[in-house]
Amino acid sequence: MSELLKITDLHVEYDTSEETVYAVNGVDLTVGRKETLGLVGETGAGKTTTALSVLRLLPHKIGRISKGSIIYDGEDLLAIKEKVFKKYRGKRISMIFQDPMTSLNPVIPIGKQVAEVIKLHNPDMTKAQIESRVDEMLEMVGIKANRKKDYPNQFSGGMKQRVVIAIALACEPELLIADEPTTALDVTVQAQVLAMMTDLKERLGTSMILITHDLGVVAETCDKVAVMYAGEIVESGTVEDIFGKGNHHPYTIGLFGSLPDLKDDKPRLSPIEGLMPDPTDLPKGCKFHPRCPHCSEKCRTEQPEVMVTNGHSLRCHLFSKEV
Amino acid sequence: MEDNILVTKGLKKYFGTPKGMLHAVDDIDLSIRRGTTLGVVGESGCGKSTLGRTILQLIKPTSGQIIFDGKDVTNLSKSEMAQFRRDAGIIFQDPYASLNPRLTAFELIEEPLIVNKTYKTKQEQQEAVFKMMEINGLPPRLINSYPHELDGGRRQRIGIARTLVLNPKFIVCDEPVSALDVSIQAQILNLLMDLQDARQLSYIFITHDLSVVKHISHEIMVMYMGVCVERAEKNELFANPIHPYTKALLAAIPVPDLSSKGKRREIIKGEVTSPINLKPGCRFAPRCPYACEKCMADENVKLRDLGNDHYVACAVI
């Protein structure tokens, strides 16, 4: 099975006038064709930074990839000239941003915003062809084509997110990066949007990276999962690996323990004590050790290596001893 | 005789808009037993926050009665109102916006005590603040920190401490954990439940997150466009939901395990419509798969008791 995207040992830093923020610290990820990868973690784990690195959209002069490689369809994305990459962005790889309220231009009708991306990547298309493609895209995401002259403020949150999805899929990309696409939506609308995204993905054969903090959304939509903490992937594997019994990273266990369960009644939640480490001053050794209930001397000094068994990888000293 | 901390009767809040009357809260009857939590769930715009604020009279109700601790509090004198404000507090949703950025953690917690002149001496007042910080898991070294120096979880702890320092009997928690990450959310939920046990507090817990509401509440009320569509004890509601909207809401939650993977869920169509100038009858009818003619008359969709303290407002069932 050929991989569509392969990220190896990615390091991203943000330089500010006072300090350096180590946002991503050695991330390895692969996304196969037609596969959905869920990237899970809390605020500040480096999920969005990883996604922005793939699209080369890190803030200019501040964000910098200090190490690592991103191979997309056999090509080194970091080596391509910006001029060439512009033809990829939005066409072969596109992104859905978190907040539909702010990712649309408020003074341009939505039809025009969908047309913009089509026009840019298909310069030969005639006006009529573009217009019919816009209608087709809007209908596909469940918006009547006669509303294309309306402005974003005339739509509800769920409808705006549909417009954003239409824009992202307008050029039938091979890879779609969805950054918390349903976090700002109500549950019933979230269910509609997720069902629609899964349908469209199957129909168009798109691969997807779904960034979220909602483990329920992951269980329903993803094939593979990677759990991020402090810029590292602490555990990854198929959904069955992560949600099944087997061995788990203490952070993954903590994440599940923090969730109130709808099925059985836990009298108390078992949260992870403490806070995420400051990314300007990361702890030595395992980055999770200050919060970990199984922390040993080794964890404080030595960075654990990634252990892989049958595709299920863990970055923890607890499991490295056994092998 | 049940010991209710709060009872509302026919509580209404309408807002006048250029397009007509907006029915934010429409005819809500509820009661909360002392030391328990009533969870209020619903989607954005269903009136749950307005309900919380109307109960506390941060917004004047259009009509209806609010009985707090056996006393009607809808028309209080200034000094009686001050006492009510001490007994009934609120915790706000956004710990980033609800704290004054120019006050330190200590000053923020001290402020309600100064306003209410709770303690006679400065020393008692300071001791009270330190004790409150300890109860809320805020280490004393943070006394001089400003809100921007703290993370969301700690800010929300300050928000809770500010409310709790006046020793209230009843607190409206308006989405207190929705701006927080799951691991921090769990810490705050545990704190709120411990405080309830220790101080016999009663809560109205407003949220859109059904798994959170199930975890913390004793009784749950489901709101849709300003009206209560279903109310029951929590296990009863989750085991035996009756209103089509409650069913749809429960079906829409993504569950973090693999048992439901691949199964197609029933998804309700459409979105919440405008609560301005409403037509008579059931407000959920335009999205409801079971809607029929009976749903178009007001008297059919009144809240009915099905026994077992389970109330539902649906004409079809």
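Side chains included, hydrogens not; waters and symmetry mates left out as well; all remaining heavy atoms used. From a predicted model like this one, the values you see are computed outputs, not experimental measurements.
Remark: the B:Ser183 side chain and the A:Glu42 side chain contain an N/O donor-acceptor pair separated by less than 3.5 Å.
The shortest non-hydrogen separation linking B:Glu43 to A:Asp186 is OE2-CB, 3.1 Å. Pairing each heavy atom of B:Pro254 with each of A:Asp214, the nearest pair is CG-OD2, 4.4 Å. Across all non-hydrogen atoms, the minimal contact from B:Ile184 to A:Gly274 is CD1-O, 4.2 Å.
For residues 197-216 of chain B, heavy-atom neighbours of chain A at less than 4.5 Å comprise B:Leu210, B:Ser211, B:Val212, B:Lys214, B:His215, sorted by residue number.
In this structure, B:Asp181 contributes its side chain and A:Thr43 its backbone to a donor-acceptor pair below 3.5 Å. Distance alone, capped at 3.5 Å, places no donor-acceptor pair between the B:Gln187 side chain and the A:Pro271 backbone.
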Original post:
When you look at A:Leu275 and B:Arg154, which way does the side chain to side chain contact (heavy atoms under 4.5 Å, CB included) test go after all the steps?
Top reply: CA-CA 10 Å; A:Leu275 305 166; B:Arg154 287 213 173 113; 3.8 Å; yes

**OP:** Test side chain to side chain contact (heavy atoms under 4.5 Å, CB included) on A:Leu269 and B:Gln185 and set out the steps.
**Re:** CA-CA 10 Å; A:Leu269 300 171; B:Gln185 172 178 317; over 6 Å; no

Would you tabulate the side-chain donor-acceptor contacts of residues 133-150 of chain B under 3.5 Å, counting partners in other chains and residues two or more places apart, or write 'none'?
from, atom 1, to, atom 2, distance (Å)
B:Asn136, ND2, B:Met132, O, 2.9
B:Ser145, OG, B:Leu142, O, 3.1
B:Glu149, OE1, B:Tyr146, N, 2.7

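For the options A:Ile272, A:Thr188, A:Leu215, heavy-atom pairs under 4.5 Å to chain B are most numerous at A:Thr188.
Within a 6.0 Å radius of CG in A:Asn310, no more than 12 heavy atoms belonging to other residues, nucleotides or ligands are found.
Proximity to chain B is limited to the side chain of A:Leu259, based on heavy atoms less than 4.5 angstrom apart. Heavy atoms of A:Met276 lying under 4.5 Å from chain B are absent altogether. If you measure heavy-atom distances from B:Asn190 to chain A, the contacts under 4.5 Å come from both the backbone and the side chain.
Put simply, CG on B:Leu180 and OG on A:Ser258 are 12.0 Å apart, with the number rounded to the nearest 0.5 Å.
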